[in-house]
Amino acid sequence: MPTMRLEIVTAERVVFSDDVDLVVAPGIEGELGILPHHAPLLTILQPGEIRVVKAGQEQFLAVSGGFLEVLANKVTILADACEYAEEIDLERARRAMERAQQALATRQADVDLAQAMAALRRAQVRIAVARRRRAGGGPPPGAPLPGAGP
Ligand code: ATP
């Protein structure tokens, strides 16, 4: 079965480097599924889940944004931040979510709303992806994020 190379890199570390069968990533215009020998592509990523399949095994990662390039059967993701589901500190993400929710609720003059919205989104994604590491695999794709809605 054909494979492709996947490299996920942040400013801090190489997160992932291996041959894989499928990558699903949160493109700015929606979820992107990439199979081997995909046409060249360059796109922005939004905060969300990356799903990687290799030999029938799935891995889930949280990404907080960045760029994705497909070129010559290689997928390169330059991520702002990226963690495996197993690496995510759920308590930290919950605290970050609460801080952001409070900042948005109080709307004081010194609160940067765009920053608080982005922090909320990162935390929600981390919480959703962290749930993937438990048996059963967490919420289905497209399920509402934790803390979303009224
Ligand atoms: P916090 O307010 O908790 O720092 P943040 O959204 O501001 O969250 P980022 O700026 O996106 O954090 O990330 C900073 C670094 O911390 C990155 O290396 C990222 O991978 C890591 N990180 C952030 N939150 C978590 C978490 N809940 N579990 C594990 N690593 C995390």
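For ligands, and for the atoms within them, numbers begin at 1 and follow the listed sequence. What you are looking at is a predicted structure, and each value in this text was computed from that prediction instead of being measured. Throughout, numbering of the chain's residues begins at 1 and tracks the sequence.
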Could you identify the single nearest non-hydrogen protein atom to atom 8 (O) of ligand 1 and state the distance to 0.1 Å? R126 NH1, 3.8 Å
Which ligand 1 atoms, with their elements, are less than 4.0 angstrom from a heavy-atom of I88? 28 (N), 29 (C)
Between N73 and T3, is there a donor-acceptor pair closer than 3.5 Å when you use the side chain of the first and the backbone of the second? yes
Below 3.5 angstrom, do we get any N/O pair linking S64 and ligand 1? no
Do T76 and R5 pair up side chain to side chain, a donor and an acceptor below 3.5 Å, judged on atom types alone? no
Write out the residue and atom name of the closest protein heavy atom to atom 28 (N) of ligand 1, then the distance separating them to 0.1 Å. D89 N, 2.8 Å
Under the 3.5 angstrom rule, does the side chain of R132 hit a backbone N or O of E49 as a donor-acceptor pair? no
What protein heavy atom lies closest to atom 18 (O) of ligand 1? Include the residue and the distance to one decimal. E12 OE1, 2.8 Å
For atom 2 (O) of ligand 1, which protein heavy atom lies nearest, and how many Å away is it? R99 NH2, 2.7 Å
Please determine whether residues V15 and L68 belong to a single hydrophobic cluster, defined as Ile, Leu, Val, Met, Phe, Trp and Tyr linked transitively by side-chain heavy-atom distances below 4.5 Å. yes
So which of R122, E87, E83, R92 gets nearest to atom 23 (C) of ligand 1, if we judge by its closest heavy atom? R92
Is the shortest distance from a Lys or Arg side-chain nitrogen in E83 or R92 to a carboxylate oxygen in the other one below 4.0 Å? no
Does the S64 side chain pair with the main chain of R122, one donor and one acceptor, at a distance under 3.5 Å? no
